[in-house]
> 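Before I ask anything, here is the structure I am working with.
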There are 2 protein chains.
Amino acid sequence: MRISELSRRSGVPSATIKFYLREGLLPAGRATAATQAEYSEAHLRRLRLIRALIGVRGLTVNATREVLNAVCEYEADIHQVLGLVLGARPVGEAVRSDDGPGAPDVNALVAHMGWQISEYAPARRVIAETLESLRSLGADFDWRTLIPYAQLARQTAVLDLDQLRDTDDLVERAERAVLLTVLLEPALLALRRMAQEHESALRHGT
Amino acid sequence: MRISELSRRSGVPSATIKFYLREGLLPAGRATAATQAEYSEAHLRRLRLIRALIGVRGLTVNATREVLNAVCEYEADIHQVLGLVLGARPVGEAVRSDDGPGAPDVNALVAHMGWQISEYAPARRVIAETLESLRSLGADFDWRTLIPYAQLARQTAVLDLDQLRDTDDLVERAERAVLLTVLLEPALLALRRMAQEHESALRHGT
DNA sequence: GCAATTAGATACTGGCACTATCCAATATGG
DNA sequence: CCATATTGGATAGTGCCAGTATCTAATTGC
């Protein structure tokens, strides 16, 4: 398959494919001559995955590259892949996320849930920032308010990990891990918003 | 309070505050002279809310303006505010989200859950796109797989709406609705990621 | 009076995700 | 076997967006 067919079958302009090649998101095709390269079905799958991560999930090109590299390098170890995808392992410039304002609250929450979470997990910082914002806005909302949400998150994670059970192919399982952790995020938020609309209608008349 | 004090107390550069004024995110202060305006505590709160929506949640300036306008216009009716924040009512160029590829699956899911969801809800499109992406990537994942996630989303929404009960002040309740629907989103995703890390560790040795 | 500050307008910056153009080297079909 | 189209690779440009910088004229507080 040459680039024009790859473009046609994926719906991605060839200029954009070249851009992804340049950026290292898509591995180069097998060169058959100075101005000719052969692309495989794997390239097509990878390309669709890239578009999903960037278009549906809204990742940046850099974040997408890191996720894809994680999938390739640690395809054998699903926990490693998850760790890298989740940012648990320091990838680039590692920044500890367990100090700074709000960190004690996050630690309290993590401890209350009995979770073992890396100090480098960016999720820590996200929660700390959210709590800090809510506090500065005067909402009476602290880490204790998050406990029932955390319990629901735990049930969601159990669902997620269950999906990974019955797959043998390593690459496929690693990709599936990416899909479930990263690609599902906007859909989960969308479900919550629909549920809010429903619940709000229930409580306020029609 | 003049702009320099507003800047100092919020930590936002005055050039950026001027930018928000220009963009209509922040209402103009009470002008006391041609080159003098007075800002109130409400401006400070609003400014912090803007920073939270843009910085923590990652909204664009345009999306932030729409959310803030919704809060101001419909502060009396929490369901209206939620509707506008969730995009249920057509705000700008209304696009029906209940057709196109993937829409039948979304309808099936919504019907299965017994939800009443506006045809204009952007959440419909998000879920349709996600399902479509997953399908084109070859994952055996359809709307039925989303059912348990939807049930968890429903429990989350119940939690959300419970938070809105005991607040009398209209503006405060409207702002709280925004905080809970919009600002909590990254925190919920972060909780899920931490829960995944924990669950993954549980299942794969250490 | 006079340095410091301000509102408001205009122009600029930097980052990002592409997109367009060009070139030399092929491939293809009549 | 040659004319035309396509390709890989490099380089430069586009459009958007969030924020910054600069300038001017008016005003303030010492």
Side-chain angles (χ1 to χ4, degrees), chain A residues 1-40 43-44 46-68 92-93 129 182, chain B residues 1-40 43-44 46-68 92-93 129 133 182 186:
Chain A
M1 179 174 10
R2 294 185 289 276
I3 202 175
S4 61
E5 189 178 351
L6 189 61
S7 168
R8 191 179 46 73
R9 288 182 58 187
S10 64
V12 179
S14 53
T16 305
I17 295 177
K18 288 181 178 182
F19 170 69
Y20 292 153
L21 288 167
R22 268 201 311 284
E23 291 292 320
L25 299 192
L26 197 60
R30 188 176 51 84
T32 61
T35 66
Q36 221 70 26
E38 183 71 14
Y39 300 96
S40 65
H43 285 92
L44 184 58
R46 169 63 69 99
L47 186 52
R48 285 206 250 255
L49 181 56
I50 292 169
R51 291 307 285 215
L53 291 175
I54 291 178
V56 177
R57 175 55 238 283
L59 289 189
T60 67
V61 165
N62 283 335
T64 305
R65 180 172 37 236
E66 285 182 19
V67 168
L68 293 175
E93 62 307 340
E129 282 177 6
V182 180
Chain B
M1 174 170 22
R2 293 187 288 277
I3 201 174
S4 60
E5 189 178 350
L6 189 59
S7 169
R8 191 180 45 75
R9 288 181 58 188
S10 64
V12 179
S14 53
T16 304
I17 295 177
K18 289 181 179 181
F19 170 68
Y20 292 153
L21 289 166
R22 268 201 311 283
E23 292 291 321
L25 299 191
L26 198 61
R30 188 175 52 83
T32 61
T35 66
Q36 223 70 24
E38 184 71 13
Y39 301 95
S40 65
H43 285 91
L44 184 58
R46 168 64 69 99
L47 186 51
R48 285 206 249 256
L49 181 57
I50 292 168
R51 290 306 284 212
L53 291 175
I54 291 178
V56 177
R57 175 56 236 285
L59 289 189
T60 66
V61 166
N62 283 335
T64 304
R65 179 170 39 235
E66 286 183 18
V67 168
L68 293 175
E93 61 308 338
E129 282 177 6
S133 287
V182 180

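None of these values were measured; they are calculated from a predicted model. Chain letters run A, B, ... following the sequence lines, proteins first, then strands; residues in each count from 1.
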> Could I get the full list of salt bridge (charged side-chain N to carboxylate O under 4.0 Å, His left out) partners for B/Arg48, not counting sequence neighbours?
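B/Arg48 satisfies salt bridge (charged side-chain N to carboxylate O under 4.0 Å, His left out) with no other residue.
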> Quick check: are there more than 12 heavy atoms from other residues, nucleotides or ligands sitting under 6.0 Å from CZ of A/Arg2?
no
> With A/Ala63, which residues qualify under side-chain contact (heavy atoms from CB on, under 4.5 Å), at least two apart?
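Once residues adjacent in sequence are excluded, the partners of A/Ala63 under the side-chain contact (heavy atoms from CB on, under 4.5 Å) criterion are A/Leu59, A/Thr60.
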> Hey, could you give me each pair passing side chain to side chain donor-acceptor pair (under 3.5 Å) that has a residue in residues 25-38 of chain A? Not counting sequence neighbours.
none
> Whole angstrom is fine here: how far is it from CG in B/Asn62 over to P in D/dC17?
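My rounded result for the distance is 7 Å.
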> What range of DNA chain C does chain B touch, first nucleotide to last, counting atoms under 4.0 Å from its heavy atoms?
C/dT6 to C/dT10
> Mapping A/Val61 and B/Ala37 onto DNA chain C by nearest heavy atom, which one lands closer to the 5' end?
B/Ala37
> Show me the donor-acceptor pairs, under 3.5 Å and distance only, between side chains in residues 10-25 of chain B and residues at least two apart or in other chains.
from    : atom 1 : to      : atom 2 : distance (Å)
B/Ser10 : OG     : B/Leu6  : O      : 2.7
B/Ser10 : OG     : B/Ser7  : O      : 3.4
B/Ser10 : OG     : B/Val12 : N      : 3.2
B/Tyr20 : OH     : B/Arg51 : NH1    : 3.1

> In this structure, how many angstroms lie between the C1' atom of D/dT7 and the CE atom of A/Met1, rounded?
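It is 15 Å, rounded to the nearest whole Å.
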> I need the CD-P distance between A/Glu38 and D/dT6, as an integer number of Å.
17 Å
> With the threshold set at under 4.0 Å for non-hydrogen atoms, list the residues of residues 4-22 of chain B touching DNA chain D in residue-number order.
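Result for residues 4-22 of chain B: B/Pro13, B/Ala15, B/Thr16, B/Phe19, B/Tyr20, B/Arg22, sorted by number.
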> Measure the shortest side-chain to side-chain distance between B/Tyr39 and B/Leu44 over non-hydrogen atoms and say whether it is less than 4.5 angstrom.
no
> Applying side-chain contact (heavy atoms from CB on, under 4.5 Å), name anything that partners B/Ser40, two or more places apart in sequence or on another chain.
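With neighbours one apart ignored, the set is B/Ala42, B/His43.
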> Report yes if the side chains of A/Asn62 and A/Arg65 come closer than 4.5 Å at any heavy-atom pair, otherwise no.
yes
> Only counting residues at least two apart or in another chain, list the ones meeting salt bridge (charged side-chain N to carboxylate O under 4.0 Å, His left out) with B/Arg9.
B/Glu41
> Measure all distances between protein nitrogen or oxygen atoms and nitrogen or oxygen atoms of nucleotides 26-30 of chain D, and list the pairs falling under 3.5 Å.
from   : atom 1 : to      : atom 2 : distance (Å)
D/dA26 : N3     : B/Thr35 : OG1    : 3.3
D/dT27 : O4'    : B/Thr35 : OG1    : 3.1

> For A/Arg46, what residues pass the salt bridge (charged side-chain N to carboxylate O under 4.0 Å, His left out) criterion, not counting sequence neighbours?
none
> CG/A/Leu26 to CG/A/Leu49 distance, rounded to the nearest 0.5 angstrom?
10.5 Å
> Report the distance from atom CG of B/Leu59 to atom C1' of D/dC17, rounded to the nearest whole Å.
14 Å
